[in-house]
Amino acid sequence: MLPEPDDEPIIVKSDDEWRAQLSTREFAVLRRGGTERPWSGEYVDTKIGGAYHCRGCGQEVFRSRTRFESTSGWASFYAPSSAGNVHLRPDLTGKFPRIAVRCSACHGHLGHVYDDAPQTPTGDRYSINSAAVRFLPG
């Protein structure tokens, strides 16, 4: 279910504050809805256990136990660590409609979700930009 359009982020900062905190690439992805090139992300091949946290606010958004190899070129998960930690929004900015995945705390753009993973328990593929998350092993 997509969240209501009027939900507000818990963490609110100006663009200047985000730019001071994030690298140019992180800002482009998290705050402007950008997407990394396939296979260019830091976590594309990460295989160890741990949690992925939003680079904007630190909220946990995914865990390694739901990660799978999708061969898409992005870190892929079949479910968030908690349904309340991400928001799903329509994204009409590309060549075809998609569903954007956003951090529920700061509304940072994490990636997109597709229903094209029948090999997973949910059938979903959360395709996540490495620039939008930070991995903490353990």
Side-chain angles (χ1 to χ4, degrees):
M1 179 176 181
L2 298 178
E4 293 300 316
D6 61 347
D7 66 326
E8 295 294 324
I10 296 166
I11 298 165
V12 178
K13 296 181 182 183
S14 70
D15 279 352
D16 288 340
E17 289 172 307
W18 285 119
R19 280 190 183 95
Q21 174 186 333
L22 303 168
S23 72
T24 301
R25 184 177 194 184
E26 292 165 354
F27 182 84
V29 172
L30 279 165
R31 307 315 311 168
R32 294 294 178 253
T35 300
E36 296 172 318
R37 291 183 330 276
W39 307 108
S40 68
E42 176 182 2
Y43 303 124
V44 171
D45 295 318
T46 301
K47 307 280 191 235
I48 59 176
Y52 295 81
H53 296 256
C54 173
R55 282 192 196 248
C57 68
Q59 175 170 258
E60 182 181 303
V61 286
F62 294 95
R63 292 194 95 10
S64 294
R65 69 176 174 266
T66 64
R67 184 158 179 176
F68 71 101
E69 183 54 53
S70 71
T71 67
S72 68
W74 289 273
S76 297
F77 304 84
Y78 61 80
S81 59
S82 172
N85 289 3
V86 299
H87 283 178
L88 305 180
R89 296 283 183 143
D91 180 353
L92 305 175
T93 62
K95 294 180 182 179
F96 56 91
R98 303 175 287 181
I99 302 295
V101 179
R102 296 192 172 269
C103 171
S104 65
C106 71
H107 287 198
H109 172 76
L110 304 173
H112 293 91
V113 63
Y114 305 93
D115 63 355
D116 62 359
Q119 73 274 34
T120 71
T122 63
D124 292 330
R125 173 175 55 94
Y126 288 80
S127 187
I128 304 301
N129 293 289
S130 294
V133 294
R134 185 171 319 284
F135 177 70
L136 298 174

**OP:** Mind listing the closest non-hydrogen atom pair of C57 and C103 along with its distance?
**Re:** SG-SG, 3.5 Å
Original post:
Going through the distances and angles, do R31 and R19 end up as a side chain to side chain contact (heavy atoms under 4.5 Å, CB included)?
Top reply: CA-CA 9 Å; R31 307 315 311 168; R19 280 190 183 95; over 6 Å; no
Subject >> Check against side chain to side chain contact (heavy atoms under 4.5 Å, CB included), T35 and H112 >> reply: CA-CA 9 Å; T35 300; H112 293 91; 4.1 Å; yes
**OP:** Could you tell me the separation between the CD1 atom of I11 and the CH2 atom of W18, rounded to the nearest 0.5 Å?
**Re:** 6.0 Å
**OP:** State the CZ-CG distance between F68 and D124, to the nearest 0.5 angstrom.
**Re:** 8.5 Å
Original post:
Does T66 reach the main-chain N or O of F77 with its side chain, forming a donor-acceptor pair under 3.5 Å?
Top reply: no
Original post:
Where is the tightest heavy-atom contact between W74 and I128, given as atom of each residue plus distance?
Top reply: CB-O, 3.8 Å
Original post:
Between T122 (side chain) and Y78 (backbone), is there a donor-acceptor pair under 3.5 Å?
Top reply: yes
Original post:
Checking side chain to side chain contact (heavy atoms under 4.5 Å, CB included) for the pair S104/Q59: CA distance, chi angles, key distance, verdict?
Top reply: CA-CA 9 Å; S104 65; Q59 175 170 258; 3.1 Å; yes
**OP:** Sequence neighbours left out, what passes salt bridge (Lys or Arg N to Asp or Glu O under 4.0 Å) with D15? Give chain and number order.
**Re:** R32
Original post:
Only one of K13, R55, E26 clears side-chain hydrogen bond (donor to acceptor under 3.5 Å, both in side chains) with Q21; which?
Top reply: K13
Subject >> Side chains of S70 and D116 in contact at under 4.5 Å (non-hydrogen atoms) >> reply: no
Original post:
For R102, which residues count as a side-chain hydrogen bond (donor to acceptor under 3.5 Å, both in side chains) partner, sequence neighbours excluded?
Top reply: none
Subject >> Contact summary for G34 and H109, nearest pair of heavy atoms >> reply: O-CD2, 3.3 Å
**OP:** Before giving the answer on side chain to side chain contact (heavy atoms under 4.5 Å, CB included), spell out for T46 and I48 the whole-Å C-alpha distance, their side-chain angles and the decisive distance to 0.1 Å.
**Re:** CA-CA 6 Å; T46 301; I48 59 176; 4.1 Å; yes
Subject >> Exam field: side chain D91 to backbone A100, donor-acceptor pair closer than 3.5 Å >> reply: no
Subject >> Any P97 side-chain heavy atom under 4.5 Å of L92 side chain >> reply: yes
Original post:
At what distance, to the nearest 0.5 angstrom, does CD of E36 lie from OG of S127?
Top reply: 9.5 Å
**OP:** Identify the heavy atoms of E60 and S81 that sit nearest to each other, and give their distance.
**Re:** OE2-CB, 3.1 Å
**OP:** Find out if a path of hydrophobic residues (ILVMFWY) with successive side-chain heavy-atom gaps under 4.5 Å connects V101 to Y43.
**Re:** yes
Original post:
Of all heavy-atom pairs between G111 and N129, which one has the smallest distance, and what is that distance?
Top reply: CA-ND2, 3.7 Å
Subject >> S14 and D16: side chain donor to acceptor below 3.5 Å >> reply: no
**OP:** Give, for atom CZ of R67 and atom NZ of K47, the distance between the pair rounded to the nearest 0.5 Å.
**Re:** 6.5 Å
Subject >> R98 CZ to L88 CG distance, which is reported to the nearest 0.5 Å >> reply: 13.5 Å
Under 3.5 Å, sequence neighbours excluded: what are the donor-acceptor pairs made by side chains of residues 131-138?
none

**OP:** Quick one: pull up CG in L110 and OH in Y52 and give me the separation to the nearest 0.5 Å.
**Re:** 13.5 Å
**OP:** May I ask whether L30 and V86 are part of the same hydrophobic cluster, defined by side-chain heavy atoms of I, L, V, M, F, W, Y residues being less than 4.5 angstrom apart, directly or through others?
**Re:** yes
